[in-house]
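Because the structure is a prediction, the values reported are computed rather than measured. Just the heavy atoms: all of them, side chains too, but no hydrogens, waters or symmetry mates, feed the values below.
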Amino acid sequence: MKQTLLVLVIILTGIATATAKPDVTVIKGSLVELKKSNAKIFVRWDYTNSTIEGKEVNAYLKERGDDWVRDYDAEIARAESNFRERLDDESKDVQTTTEESSAEYTIVMKVKDFNYGITGLAVAVGFGAGDSHLYGTMEIYKKGQSEPIAILDVDGVPGAGFGNEIRRVEAYRELAENLAKLIKKAK
């Protein structure tokens, strides 16, 4: 029975993967001007209208307990730092900077929702089951311009790992990898 269930999960995961749409897509504008630009990019994260698993952030954290409330800011800082580091590692086209004044472009990542996933499912099944998912919109602005050069839809970028913080960190890392690939392939 367990073998049959495992085979079924593997088959369904393969089908879902083969038919799934990309996690990050350009929905307006183009990334072509970033390609081979060696531009410096500042990243601003906007959690103004963000939720966790569909709930208001503070309410969700309070439901989970004092340690969640205490550790949340450090989790966010680690994930954001990981995004910058991974984009720098993966992209030969752009590099991040922590100084907005020196940046030629600014990314505004508007986080809509973050879902932590289910650790037990990840452990028992694997193959992406139980992953966390990041949703939102990424806008990229050229310095001095009020209209973005590109708007990207962030639709369920996954993050895997054992532990909630690492899942967020890995989702932000995967987001950076997706962005680097999109810039490299821009036409």
Side-chain angles (χ1 to χ4, degrees), residues 16-57 75-117 128 131-161 165-187:
T17 302
T19 61
K21 72 179 198 83
D23 299 327
V24 181
T25 54
V26 177
I27 56 174
K28 183 178 178 186
S30 172
L31 298 171
V32 74
E33 70 182 81
L34 296 176
K35 189 174 185 175
K36 298 182 182 180
S37 68
N38 202 30
K40 290 184 181 180
I41 294 184
F42 177 78
V43 183
R44 182 179 312 123
W45 295 84
D46 181 352
Y47 299 95
T48 305
N49 297 309
S50 183
T51 58
I52 299 176
E53 299 180 10
K55 297 179 182 178
E56 190 272 330
V57 172
E75 174 183 316
I76 292 294
R78 182 172 174 215
E80 291 174 1
S81 176
N82 194 281
F83 173 87
R84 288 189 308 273
E85 290 168 9
R86 192 63 177 171
L87 185 57
D88 289 344
D89 289 345
E90 290 293 313
S91 179
K92 306 297 182 230
D93 299 302
V94 297
Q95 292 295 298
T96 64
T97 179
T98 57
E99 299 294 326
E100 188 170 11
S101 60
S102 69
E104 299 159 73
Y105 294 87
T106 299
I107 293 174
V108 178
M109 178 58 209
K110 295 179 179 180
V111 177
K112 179 180 178 184
D113 189 57
F114 185 80
N115 188 308
Y116 282 100
D131 284 357
S132 66
H133 290 92
L134 173 65
Y135 300 88
T137 305
M138 182 181 287
E139 300 173 353
I140 303 174
Y141 295 87
K142 188 171 187 173
K143 190 172 191 169
Q145 294 184 359
S146 60
E147 289 293 316
I149 65 162
I151 300 175
L152 288 69
D153 180 40
V154 177
D155 188 23
V157 174
E165 181 176 335
I166 195 66
R167 289 166 186 264
R168 182 182 291 270
V169 168
E170 290 300 314
Y172 283 42
R173 176 185 176 101
E174 183 72 21
L175 177 61
E177 291 175 7
N178 275 272
L179 178 58
K181 288 175 188 172
L182 286 171
I183 293 170
K184 183 177 182 177
K185 294 177 181 179
K187 294 181 182 183

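- A pairwise comparison of heavy atoms in Asn178 and Glu174 identifies ND2-O, 2.7 Å as the closest pair.
- For Arg44 and Glu100, the salt-bridge test passes: some basic side-chain N is under 4.0 Å from an acidic carboxylate O.
- Judged by distance alone, with hydrogens and angles left aside, the side-chain atoms of Ser91 form no donor-acceptor pair with the main-chain N or O of Asp88 at under 3.5 Å.
- For Glu139 and Tyr141, the side-chain atoms include at least one donor-acceptor pair closer than 3.5 Å.
- By the neighbour-count criterion of 12 heavy atoms within 6.0 Å, atom NZ of Lys143 is densely surrounded, having more than that number from other residues, nucleotides or ligands.
- Ion pairing between a basic and an acidic side chain is recognised when a charged N comes within 4.0 Å of a carboxylate O; Glu177 and Arg173 show such pairing.
- Using a distance-only test at 3.5 Å, with no hydrogens or angles considered, no donor-acceptor pair links the side chain of Asn82 to the main chain of Arg78.
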Exercise for review: With side-chain contact (heavy atoms from CB on, under 4.5 Å) as the test, would you mind laying out the steps for Leu152 and Leu182 before giving the verdict?
Suggested key: CA-CA 10 Å; Leu152 288 69; Leu182 286 171; 3.8 Å; yes

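- The distance from the OG atom of Ser37 to the CD atom of Gln95 is 10.0 Å, given to the nearest 0.5 Å.
- Distance check: Ile140 CD1 to Leu34 CG gives 5.5 Å after rounding to the nearest 0.5 Å.
- Ring orientation note: the planes of Tyr172 and Phe114 are nearly perpendicular, at an angle over 60° on the 30°/60° scale.
- With Asp23 contributing its side chain and Val157 its backbone, the two residues share no donor-acceptor pair below 3.5 Å.
- A donor atom on one side chain and an acceptor atom on the other are not found under 3.5 Å apart for Asn115 and Ser132.
- Taking 4.0 Å as the cut-off between side-chain N and carboxylate O, Lys40 and Glu104 do not count as a salt-bridged pair.
- Environment of NZ in Lys110: sparse, with no more than 12 heavy atoms of neighbouring residues, nucleotides or ligands closer than 6.0 Å.
- Counting all heavy atoms, side chain and backbone alike, Ala103 lies closest to Ile41 at CB-C, 4.2 Å.
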Review point. Are Val26 and Ile151 close enough, and set up right, to give a side-chain contact (heavy atoms from CB on, under 4.5 Å), and what steps lead you there?
Key: CA-CA 6 Å; Val26 177; Ile151 300 175; over 6 Å; no

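- Residues Phe42 and Glu99 share a closest heavy-atom pair of CD1-C, 4.1 Å.
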Point to revise | Working for side-chain contact (heavy atoms from CB on, under 4.5 Å), residues Val154 and Lys112 | key: CA-CA 9 Å; Val154 177; Lys112 179 180 178 184; over 6 Å; no

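- The existence of a salt bridge linking Glu33 and Lys142 is confirmed by a sub-4.0 Å separation between a basic side-chain nitrogen and an acidic carboxylate oxygen.
- The two residues Pro158 and Asp131 make their nearest non-hydrogen contact at CB-OD2, 3.9 Å.
- Note that the CD1 atom of Ile76 and the CZ atom of Arg168 stand 3.5 Å from one another [nearest 0.5 Å].
- Among residues two or more places apart in sequence or in another chain, the side-chain hydrogen bond (donor to acceptor under 3.5 Å, both in side chains) test is passed with Thr48 by Asp46.
- Within 6.0 Å of CG on Asp89 lie more than 12 heavy atoms contributed by other residues, nucleotides or ligands.
- Side-chain atoms of Asp113 never come within 3.5 Å of backbone atoms of Tyr135 as a donor-acceptor pair (strictly under, hydrogens ignored).
- Between the CG atom in Leu179 and the CZ atom in Arg86 there is a gap of 13.0 Å [rounded to 0.5 Å].
- Here the CD-CZ distance, from Glu165 to Arg167, works out to 12.5 Å after rounding to the nearest 0.5 Å.
- Among residues two or more places apart in sequence or in another chain, the salt bridge (charged side-chain N to carboxylate O under 4.0 Å, His left out) test is passed with Asp155 by Lys21.
- For Tyr105, there are no ring pair (Phe, Tyr, Trp, His ring centres under 6.0 Å) partners, not counting sequence neighbours.
- To the nearest 0.5 Å, atoms CD (Glu56) and OG1 (Thr51) are separated by 9.5 Å.
- Closest of all the heavy-atom pairs between Ser50 and Val57 is O-CG2, 3.5 Å.
- A side-chain donor from one of Glu85 and Ser81 sits under 3.5 Å from a side-chain acceptor of the other.
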**Study point:** From CA spacing to verdict: side-chain contact (heavy atoms from CB on, under 4.5 Å), Asp153, Val24
**Key:** CA-CA 6 Å; Asp153 180 40; Val24 181; over 6 Å; no

